[in-house]
Amino acid sequence: GAGVSQSPSNKVTEKGKDVELRCDPISGHTALYWYRQSLGQGLEFLIYFQGNSAPDKSGLPSDRFSAERTGGSVSTLTIQRTQQEDSAVYLCASSPQGGMNTEAFFGQGTRLTVV
Amino acid sequence: DAKTTQPNSMESNEEEPVHLPCNHSTISGTDYIHWYRQLPSQGPEYVIHGLTSNVNNRMASLAIAEDRKSSTLILHRATLRDAAVYYCILRDVDFGNEKLTFGTGTRLTIIP
């Protein structure tokens with residue numbers, strides 16, 4: 001596809017279960033970002049990848065959150081032992097070669113509901 | 001990170017121009033000014049960006065003050081589809097950190 005693809009689009013999980021959210025960036029984009037957006041709130045930065053490395057993990061809210069990126073392409077955000085406060089839309093974005101003079105392209109997000 | 005300040009909300013009539021202001025008084029010389037918008041139930045979408053000179057594209061124009069401490073996003077003829085939250089963001093690289101930091105944005109309402 002031409003855009004950033006995220007899956008699943010919706011996920012309902014029970015409190016305490018682990019979940020994996022997937023992001024397929026635009027082919028060739030080296031920079032990849034994860035954000036989350038709680039209902040009615042702004043975007044909260046989680047983590048940034050340049051290639052396979054993550055120079056900035058400062059936004060991960062707790063050690064239950066982790067992310068990886070393999071082959072400089074697909075990224076997976078994992079949330080362990082989910083809590084109700086983890087309910088939010090998780091957004092992924094990619095950008096060509098990073099840098100200040102480029103635009104970021106966002107996916108449609110994964111809506112996570114923890115019950 | 002350099003911060004931006006935007007009004008929480010604005011209203012405009014359909015088919016009229018809209019000027020969305022953004023203050024960024026602590027901007028550094030290497031910060032690019034980016035604008036994104038988020039339509040209801042959508043991910044953010046890129047609108048425009050610039051460094052020093054005014055910029056135009058098919059979606060909007062960006063007017064940057066001479067001292068770069070403020071900028072204005074201009075929608076030349078608002079349509080109902082332009083109703084969204086508009087974010088003004090400063091993008092820089094700091095020790096490899098290229099994150100886009102979103103503020104609270106301006107919620108634009110278009111009145112038919």
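So that the names make sense, note that chain A is the first sequence line, chain B the second, and so on, each numbered from 1. Hydrogens, waters and symmetry mates are skipped; everything else that's a heavy atom, side chains included, is used.
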Visitor: Give a yes or no on whether the ring-centroid distance for A:Y33 and A:Y48 is below 6.0 angstrom.
Guide: yes
Visitor: Give the minimum heavy-atom separation between B:P112 and B:L80, together with the two atoms involved.
Guide: CG-CD2, 4.0 Å
Visitor: So what's closer than 4.5 Å to chain B heavy atoms on A:L43: side chain, backbone, both or neither?
Guide: both
Visitor: Atom OG1 of B:T109 and atom CE of B:M10: how far apart are they, to the nearest 0.5 Å?
Guide: 10.5 Å
Visitor: Quick one: what part of A:Y35 sits under 4.5 Å from any heavy atom of chain B, side chain, backbone, both or neither?
Guide: side chain
Visitor: What part of A:Q37 lies closer than 4.5 angstrom to a heavy atom of chain B: side chain, backbone, both or neither?
Guide: side chain
Visitor: Does A:R64 come within less than 4.0 Å of A:D18, counting only side-chain N to carboxylate O?
Guide: no
